[in-house]
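Here is how names work: the chains are called A, B, and so on, in the same order as the sequence lines, proteins then strands, and each is numbered from 1.
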Amino acid sequence: TQLLEQSPQFLSIQEGENLTVYCNSSSVFSSLQWYRQEPGEGPVLLVTVVTGGEVKKLKRLTFQFGDARKDSSLHITAAQPGDTGLYLCAGHGSGNTGKLIFGQGTTLQVKP
Amino acid sequence: KAGVTQTPRYLIKTRGQQVTLSCSPISGHRSVSWYQQTPGQGLQFLFEYFSETQRNKGNFPGRFSGRQFSNSRSEMNVSTLELGDSALYLCASSLVPGGSVQPQHFGDGTRLSIL
């Protein structure tokens, strides 16, 4: 069974601070996705990483896929209150399937 | 372009009842997946449908079932409701099943509360 472990589960920081969220597994994933979910809404896809060692940047967010494709990280630089939300990593297993395996999520609160 | 539409947004039921939730995918999307989200278990995969056929099923009891219609709209049904079925049920659609190359778009979910 493929599992994804996210850490930390909760993070409360001041505006302007940096943070990193980790997503780890003992299994290899063909790709990993990061989503952000706000209360009362569904998850919104931020990025998909496919190649081992890949780094993608989305404004102040940097996503990295581990060389062995078993882990990923999300780094936010100079966090802002608008970054507050639930961050989820999700992996596609092997095969041509839409099934996503989600981590437990990281709840981020950025205080002004 | 309209997003994934889930109805109803909120639902209150009592134990033992059954419920049907509906999902209309983005126009042109033919693959629909369902997920259950709870504080304790997070997001867990329920089923995936494509061309009216169930392609994958998660580890849920037989009380959970679903179907997809020829217009790609999907419904899921939960019978004999239990307190533990209280959750946010999310639907996601994509053009076709395609793993990482086919991004999935989520609806805002149906919040089901069991009394």
Among B:Gln6, B:Gln41, B:His105, the residue with the most heavy-atom pairs under 4.5 Å to chain A is B:Gln41

When you look at CD of A:Glu5, are more than 12 heavy atoms from neighbouring residues, nucleotides or ligands closer to it than 6.0 Å? no

- Do A:Leu46 and A:Ile76 share a hydrophobic cluster (ILVMFWY, side-chain heavy atoms under 4.5 Å, transitive)? yes

- Does B:Arg111 use its side chain to pair, donor to acceptor, with the backbone of A:Gly40 at less than 3.5 Å? no

Checking heavy-atom separations under 4.5 Å from chain A, one finds in residues 76-93 of chain B B:Leu88, B:Leu90

Answer with yes or no whether the hydrophobic clustering places A:Leu19 together with A:Trp34; edges join I, L, V, M, F, W, Y residues whose side-chain heavy atoms lie under 4.5 Å apart. yes

TODO: Indicate, with yes or no, if A:Leu58 and A:Leu74 share a hydrophobic cluster defined by side-chain heavy-atom contacts under 4.5 Å among Ile, Leu, Val, Met, Phe, Trp and Tyr.
DONE: yes

- Query: Hey, any chance A:Val21 and A:Val47 share a hydrophobic cluster, counting ILVMFWY side chains that come within less than 4.5 Å of each other, even indirectly?
  - Reply: yes

Taken to the nearest 0.5 Å, the spacing of B:Phe106 CZ from A:Glu41 CD works out to 13.5 Å

Query - Within the 6.0 Å centroid threshold, strictly below: A:Phe102 and B:Phe45 - result: no

Is B:Arg15 atom CZ crowded by more than 12 heavy atoms from other residues, nucleotides or ligands, each under 6.0 Å away? no

B:Leu43 and A:Pro43 have their tightest heavy-atom pair at CD1-CG, 4.4 Å

Hey, does the side chain of B:Asp108 reach the backbone of A:Gly42 with a donor-acceptor pair shorter than 3.5 angstrom? yes

The interface call for B:Ser31 against chain A, heavy-atom contacts under 4.5 Å, is neither

Minimal heavy-atom distance between A:Leu100 and B:Tyr35, with the atoms involved, is N-OH, 2.9 Å

Are A:Leu11 and A:Phe63 linked, directly or through intermediate hydrophobic residues, by side-chain heavy-atom contacts shorter than 4.5 Å (ILVMFWY only)?
yes

Around A:Tyr22, counting heavy atoms of other residues, nucleotides and ligands shown, do more than 12 lie under 6.0 Å from its OH?
-> no

(Q) What I want to check is whether the side chains of B:Gln104 and A:Gln33 have a donor and an acceptor closer together than 3.5 Å. (A) no

